[in-house]
Amino acid sequence: MTVLVVSGTGTEIGKTVATAALAAVAVADGRSVAVLKPAQTGLAPGRRGDAEEAVRLSGAATWRELARYPEPLAPATAARRAGLPPVRPAEVAEAAEKLAAEHDLVLVEGAGGLLVRLDEDGGTLADVAGLLSAPVLVVATAGLGTLNATELTTRELARRGLTPAGVLLGSWPAHPDLATRCNLTDLPEVTGVPLVGAVPAGAGGWPPPAFRAKAGEWLAAELGGTWRVEESTAVEG
């Protein structure tokens, strides 16, 4: 796949670190990678955004950010309050296609969940995926409450005829509780979509060389790694 859309079930669930892991594995495989962030919110100019952070961790060479808004809000709301133009799905798709012409893999990281509004017309990351005919990786939380949000997200992908690239757990705890362990079995059952990895909690704070060395262990074979859900289950017996 040339373009992969990285979405999620909400905000602050590990999409950027998951994107970095995907990029690191691809770079290690000798592929050129670009990370595209359509709309960065909650950061002032000059501060490192999600796309740049994913490149820093992964060793990928190219990142691009289409718009930045200072308040930590949904992109459409943040653009309106800042008096700035919003980013529209067609613009995102065009930028991704241009990057795809020069790179082996383009990772498009959304803001928040799949249906967060990009513009006042209701455009979303799901619309971007549709325009690109790109698969969507769903990054989800690992613990209690994830089943409902993840099933709703994957149902919306199915309703739109979009292809899921799997469900990835964005922050796997060092000591998972009962609900978290059960979710390894329950998530594929309720969504009909396979689990394709789990990123350790706190991995975004690792030194980049250590991050890159371990990233392949967090992603399943479908994403170029060696992670297996059976091994994650076996850790806790």
Side-chain angles (χ1 to χ4, degrees), residues 1-9 13-36 50-51 53-63 100 103-110 129 134-143 146 150 153-154 157 163-176 180-181 183-189 191-236:
M1 50 191 158
T2 303
V3 179
L4 175 63
V5 173
V6 182
S7 187
T9 57
I13 59 172
K15 289 191 300 297
T16 298
V17 179
T19 299
L22 292 163
V25 168
V27 169
D29 194 40
R31 304 169 72 190
S32 59
V33 181
V35 179
L36 173 63
D50 293 344
E53 175 65 9
V55 164
R56 183 188 72 85
L57 284 170
S58 68
T62 304
W63 65 273
H103 297 81
D104 299 318
L105 175 65
V106 178
L107 300 170
V108 183
E109 183 197 342
V136 179
L137 178 67
V138 178
V139 181
T141 57
T146 196
T150 309
T153 300
T154 54
L157 291 177
T163 302
V167 172
L168 186 146
L169 302 176
S171 184
W172 182 256
H175 302 288
T180 301
R181 298 196 305 272
N183 285 337
L184 290 171
T185 299
D186 293 342
L187 275 167
E189 290 185 359
T191 64
V193 175
L195 278 176
V196 292
V199 178
W206 293 15
F211 184 95
R212 297 166 195 172
K214 299 292 285 185
E217 299 178 16
W218 310 332
L219 307 179
E222 296 94 321
L223 300 176
T226 60
W227 181 87
R228 297 174 66 245
V229 67
E230 295 86 354
E231 295 174 358
S232 294
T233 306
V235 169
E236 292 292 322

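By convention here, the first residue in the shown sequence is residue 1.
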With sequence neighbours left out, the residues meeting side-chain hydrogen bond (donor to acceptor under 3.5 Å, both in side chains) with T141 are T146

Rounding to 0.5 Å, atoms CG (L195) and OG1 (T185) come to a distance of 9.0 Å

Smallest heavy-atom separation, G143 atom then T180 atom, equals CA-OG1, 3.4 Å

Correct closest heavy-atom pair for N183 and P188 would be O-CD, 4.1 Å

On a heavy-atom basis, the closest approach of A140 and V167 is CB-CG1, 4.0 Å

dist T150:OG1 -> D186:CG (nearest 0.5 Å) comes out at 11.0 Å

Of V139, L168, T16, the one forming a side chain to side chain contact (heavy atoms under 4.5 Å, CB included) with V6 is V139

- What's the verdict on side-chain contact (heavy atoms from CB on, under 4.5 Å) for L169 and L184, showing C-alpha distance, side-chain angles and the deciding distance? CA-CA 9 Å; L169 302 176; L184 290 171; 3.9 Å; yes

I'd like to know if the side chain of S171 reaches the main chain of I13, judged simply by a donor and an acceptor atom lying under 3.5 Å from each other, with no hydrogens or angles considered. no

Correct closest heavy-atom pair for P173 and A201 would be CA-CB, 4.3 Å

Of all heavy-atom pairs linking A203 and F211, the shortest is O-CD1, 3.4 Å

Quick check: does any side chain N or O of R56 sit under 3.5 Å from a backbone N or O of P208, one acting as donor and the other as acceptor? no

*Is there a side-chain contact (heavy atoms from CB on, under 4.5 Å) between V193 and L157 once you walk through the steps?*
CA-CA 11 Å; V193 175; L157 291 177; over 6 Å; no

Correct closest heavy-atom pair for A100 and V3 would be CB-CG2, 4.0 Å

_Working note: L22 + L105, criterion side-chain contact (heavy atoms from CB on, under 4.5 Å); need CA distance, chi angles, decisive distance, verdict._
CA-CA 10 Å; L22 292 163; L105 175 65; 5.5 Å; no

Residues 202-217 vs side-chain hydrogen bond (donor to acceptor under 3.5 Å, both in side chains), sequence neighbours excluded, gives K214-E217

